[in-house]
Amino acid sequence: MRSIELLAPAKNLECGLAAIDHGADAVYIGAERFGARAAAGNSLDDIARLCGYAHQFRAKVYVTVNTLLRQDEHDEARRLLRSLAEIGVDAILVQDMAVMMMAREWMAQGVSMPALHASTQTDNRDAERVRQLYEDGFSRVVLARELSIDEMRDIHRQVPQVELEAFVHGALCVSYSGACYASEYCFGRSANRGECAQFCRLKFDLTDADGRSWGERYWLSLKDMCRIDHLEEMMDAGVVSLKIEGRLKDADYVKNVVAAYSQRLNEIIRRRPGDYCRSSLGQCAYSFTPNLNKTFNRGYTDYFLHGRTPDIASPDTPKAIGEYVGRVKELRGHSMNVAGTAQFANGDGLCFFNDRRELVGFRVNRADNNRLFPLQMPKGLRPGMALYRNADQAFSTLLAHDTVRRSIPVSMSLAATAGGLSLSMSVVGSDDHAVAEVAFEHQLAQKPQKENIIRQLSRLGDTVFECSAVTVDADAERCFIPSSLLSDLRRRAVAQLAHFVELSLGQGVGTRGQENSQAGLSHSQPVPPSFGGGTGEAQALMQCRHCIRYAMGYCVRRGGRPAPWREPLTLVMGDGRRFRLQFDCQHCQMNVLKI
């Protein structure tokens with residue numbers, strides 16, 4: 001049986017707690033420095049609090065230290081690693097191999113370090129790369145988002161000893177992670193330093209060798225990933241950690257997406273209990289129905305999971321579109337009527353594409369059933385146009401209240417012993433258990449005691465445990481047992497069980513063992529291009545599996561039409577800067593080159 005982990009993002013402590021509450025088996029979060037999202041840093045105190053909360057459920061906390069370091073940052077990074085080890089984080093995500101060396105140095109001094117995971121920023125596309133990282137000492141590798149299910153399966157087959165982590169949901173970078181230098185080149189903000197300026201979300205004019213324009217669009221902007229219907233395939237291919245993107249997203253996004261994926265994962269495990277189990281403990285009782293269409297998205301794609309497909313881009317807008325809610329039926333004065341089954345609320349955010357394929361948004365000031373009164377009537381709206389909702393006021397209000405209770409179901413058994421009483425407490429469906437005993441002189445009760453015994457033992461209060469069953473043996477049932485004694489037994493059993501759960505964190509997915517700590521380090525790193533000159537591949541600012549030529553239907557190798565243009569094609573920014581497209585058909589890859 002393999003343990004499967006649902007891994008959720010945490011922008012901050014609030015998001016991390018929400019992720020654990022809503023069913024995550026692990027969260028990944030950035031420290032104050034050196035995470036791949038410079039705008040999502042957190043104090044060591046907050047990370048320590050998150051560890052304490054997560055570990056109650058045997059859930060784990062991973063910290064991102066996955067930027068490329070400058071030489072003058074090494075001492076600070078070394079101190080950070082030691083601090084993260086001291087507060088009990090379970091793993092560190094790494095891009096720069098210098099961080100690996102720092103961890104080795106601390107281990108040589110007797111410091112027990114967290115597990116090391118190779119970030120997707122290390123550009124992990126094939127089995128050779130994954131094997132190399134394992135030999136360097138990484139227990140887990142985060143795969144490139146672009147890999148297909150067959151490629152994942154092949155990597156697992158060739159390197160079965162490595163834990164594989166793969167993305168299942170969230171925003172997509174058009175370039176292979178770790179192989180994008182466009183933001184640094186254009187804006188002086190390095191994606192490998194956590195400062196991406198989102199070059200791929202800009203509008204470009206696509207021109208051919210004759211200067212002819214093929215349209216101004218967001219040619220490099222992709223839809224968001226959604227693989228909720230393919231989790232079982234990924235698990236069967238060898239993926240043990242299913243990762244949700246979103247360390248810049250708010251708590252509502254985390255609650256909704258984590259709940260949706262956790263429920264789907266539980267459905268799979270209920271059908272295949274002999275094959276898979278969750279890596280953390282607990283069950284979630286939700287007070288809302290998750291809906292992935294109601295959180296930020298640019299439209300969804302499963303990306304390259306089943307090979308190359310044309311409909312993965314979002315060329316009309318890089319912004320959130322949301323869920324389709326109907327079509328404009330009529331316009332009347334300062335209101336409109338919408339044909340559809342959706343229910344609307346005051347404050348909803350709606351949008352539509354105008355005749356120039358531009359996304360236009362507006363706010364609903366008042367909703368009277370399907371009659372909507374915008375704060376200001378949007379220009380370009382006309383009957384028949386499709387409407388989308390990218391801000392659902394009713395759903396946001398729902399998520400702002402208590403939405404879940406996560407608890408660990410336990411069973412209890414009280415038995416009389418020769419010299420007193422014994423209370424056994426076990427986690428349902430697990431081998432975890434604790435036993436508390438007390439010396440007690442047996443006294444025959446004058447009336448039945450079972451009901452009071454069950455009532456006292458079931459009072460688990462604000463602990464993470466929830467009583468599912470209590471059994472009382474016949475000898476204990478005949479005894480008079482003071483309620484204070486039962487409460488004391490319960491408290492001691494709870495404390496022992498909670499301690500045992502946390503001590504067991506080293507077992508299963510993402511162990512803290514460093515079995516490869518003596519491996520020879522290869523110092524492998526993605527090599528940045530030379531911006532000062534050179535030719536060919538050294539000029540590549542991006543390496544993309546997404547191909548504009550294929551998306552437009554002009555890939556003759558894959559059944560497309562002959563292209564009507566003369567190449568090379570060029571992307572032209574609004575300020576006039578130009579970037580040539582190189583189609584590497586041998587590797588089925590598109591490179592964006594500086595000119």
Side-chain angles (χ1 to χ4, degrees), residues 1-10 16-28 53-60 149 163-170 225-246 253-295 300 302 305 398-399 402-411 426-432 464-469 501 504-505 507-510:
M1 181 185 295
R2 279 198 293 137
S3 293
I4 300 297
E5 171 187 280
L6 179 61
L7 176 57
L17 298 176
I20 298 299
D21 283 342
H22 288 76
D25 301 297
V27 297
Y28 61 105
Y53 189 78
H55 291 171
Q56 297 178 100
F57 300 98
R58 202 176 289 157
K60 297 181 178 179
I149 199 77
E163 295 174 359
L164 299 182
E165 181 178 306
F167 284 91
V168 294
H169 194 90
M225 178 188 287
C226 180
R227 292 175 169 173
I228 195 167
D229 294 327
H230 306 289
L231 303 185
E232 191 169 3
E233 292 177 77
M234 296 178 67
M235 293 156 59
D236 288 344
V239 175
V240 298
S241 180
L242 305 167
K243 186 171 190 173
I244 298 167
E245 183 275 340
Y253 175 93
V254 171
K255 292 176 183 179
N256 186 35
V257 176
V258 169
Y261 275 85
S262 184
Q263 287 183 334
R264 185 63 61 86
L265 184 53
N266 286 340
E267 291 172 9
I268 296 168
I269 291 174
R270 274 194 293 269
R271 286 192 287 103
R272 301 177 60 179
D275 297 326
Y276 299 111
C277 64
R278 297 292 291 268
S279 63
S280 67
L281 300 175
Q283 59 187 17
C284 299
Y286 303 100
S287 61
F288 75 107
T289 300
N291 186 338
L292 295 178
N293 291 323
K294 291 185 178 293
T295 47
Y300 286 129
D302 65 11
L305 194 64
L398 184 64
L399 292 179
D402 291 337
T403 50
V404 70
R405 169 169 164 73
R406 180 169 180 172
S407 60
I408 301 174
V410 295
S411 61
S426 303
V427 174
V428 175
S430 168
D431 295 332
D432 303 310
V464 298
F465 301 110
E466 183 173 344
C467 181
S468 64
V501 166
S504 301
L505 272 171
Q507 304 170 9
V509 174

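The basis for the numbers below is simple: all heavy atoms, side chains too, and nothing from hydrogens, waters or symmetry mates. Computed from a predicted structure; not experimentally measured.
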Shortest non-hydrogen separation from Ser411 to Val428 and the atoms involved
N-CG2, 4.0 Å
Who pairs with Arg271 by salt bridge (Lys or Arg N to Asp or Glu O under 4.0 Å), at least two apart in sequence or on another chain?
Glu232
Between Val258 and Ala19, the two heavy atoms sitting closest are CG1-O, 3.7 Å
Please lay out, stage by stage, how Asp21 and Tyr53 fare under the test side-chain contact (heavy atoms from CB on, under 4.5 Å).
CA-CA 10 Å; Asp21 283 342; Tyr53 189 78; 2.3 Å; yes
Check whether any side-chain heavy atom of Asp302 lies under 4.5 Å from a side-chain heavy atom of Glu233, and answer yes or no.
no
One pair to check against side-chain contact (heavy atoms from CB on, under 4.5 Å): Leu292 and His169. What are the steps and the verdict?
CA-CA 10 Å; Leu292 295 178; His169 194 90; 3.9 Å; yes
Without hydrogens or angle criteria, can the side chains of His22 and Thr403 be said to hold a donor-acceptor pair below 3.5 Å?
yes
Is a side-chain N or O of Ser241 found less than 3.5 angstrom from the main chain of Leu7, in a donor-acceptor match?
no
From CG (Leu265) to CG (Asp25), nearest 0.5 Å:
7.0 Å
So does Arg2 get a backbone contact from the side chain of Asp275, meaning a donor-acceptor N/O pair under 3.5 Å?
no
Could you measure the distance from the CZ atom of Arg278 to the CD1 atom of Ile269? Nearest 0.5 Å is fine.
5.5 Å
Under a 4.5 Å cut-off applied to non-hydrogen side-chain atoms, are Phe288 and Asn256 in contact?
yes
Please step through side-chain contact (heavy atoms from CB on, under 4.5 Å) for the pair Asp236 and Arg272, ending with a clear verdict.
CA-CA 11 Å; Asp236 288 344; Arg272 301 177 60 179; 3.0 Å; yes
Just so I know, are the side chains of Cys284 and Arg405 near enough to count as touching, which here means a heavy-atom distance under 4.5 Å?
no
Start with the C-alpha gap between Arg406 and Ser280, add the side-chain angles, then the distance that decides, and say whether side chain to side chain donor-acceptor pair (under 3.5 Å) holds.
CA-CA 12 Å; Arg406 180 169 180 172; Ser280 67; 2.7 Å; yes
Compare every heavy atom of Gly170 with every heavy atom of Tyr253, then report the nearest pair and how far apart it is.
OH-CA, 3.8 Å
If we only count heavy atoms from C-beta on, is the Ile149 to Met234 side-chain gap below 4.5 Å?
yes
For Val501, check side-chain contact (heavy atoms from CB on, under 4.5 Å) against everything at least two apart and list the hits.
Arg58, Leu281
Closest approach of Leu164 and Gly238, non-hydrogen atoms and distance?
CB-O, 4.0 Å
What closest approach, in Å, do Gly23 and Ser262 show between heavy atoms, and which atom pair accounts for it?
O-OG, 3.5 Å
What's the separation between atom OH in Tyr28 and atom CD in Glu165, rounded to the nearest 0.5 Å?
8.0 Å
Would you check if Leu6 and Ile244 make a side-chain contact, meaning some heavy-atom pair closer than 4.5 Å?
yes
Please report the interatomic distance CG(Leu231) to CD1(Ile268), rounded to the nearest 0.5 Å.
5.0 Å
Apply side-chain contact (heavy atoms from CB on, under 4.5 Å) to Leu242 and Arg227, showing your working.
CA-CA 10 Å; Leu242 305 167; Arg227 292 175 169 173; over 6 Å; no
Is any side-chain heavy atom of Lys255 less than 4.5 Å from a side-chain heavy atom of Thr295?
no
Tyr261 side chain near Val168 side chain, heavy-atom distance below 4.5 Å:
yes
Pairs in or reaching into residues 258-269: which pass salt bridge (Lys or Arg N to Asp or Glu O under 4.0 Å), with residues at least two apart or in two chains?
Asp229-Arg264, Arg264-Glu267
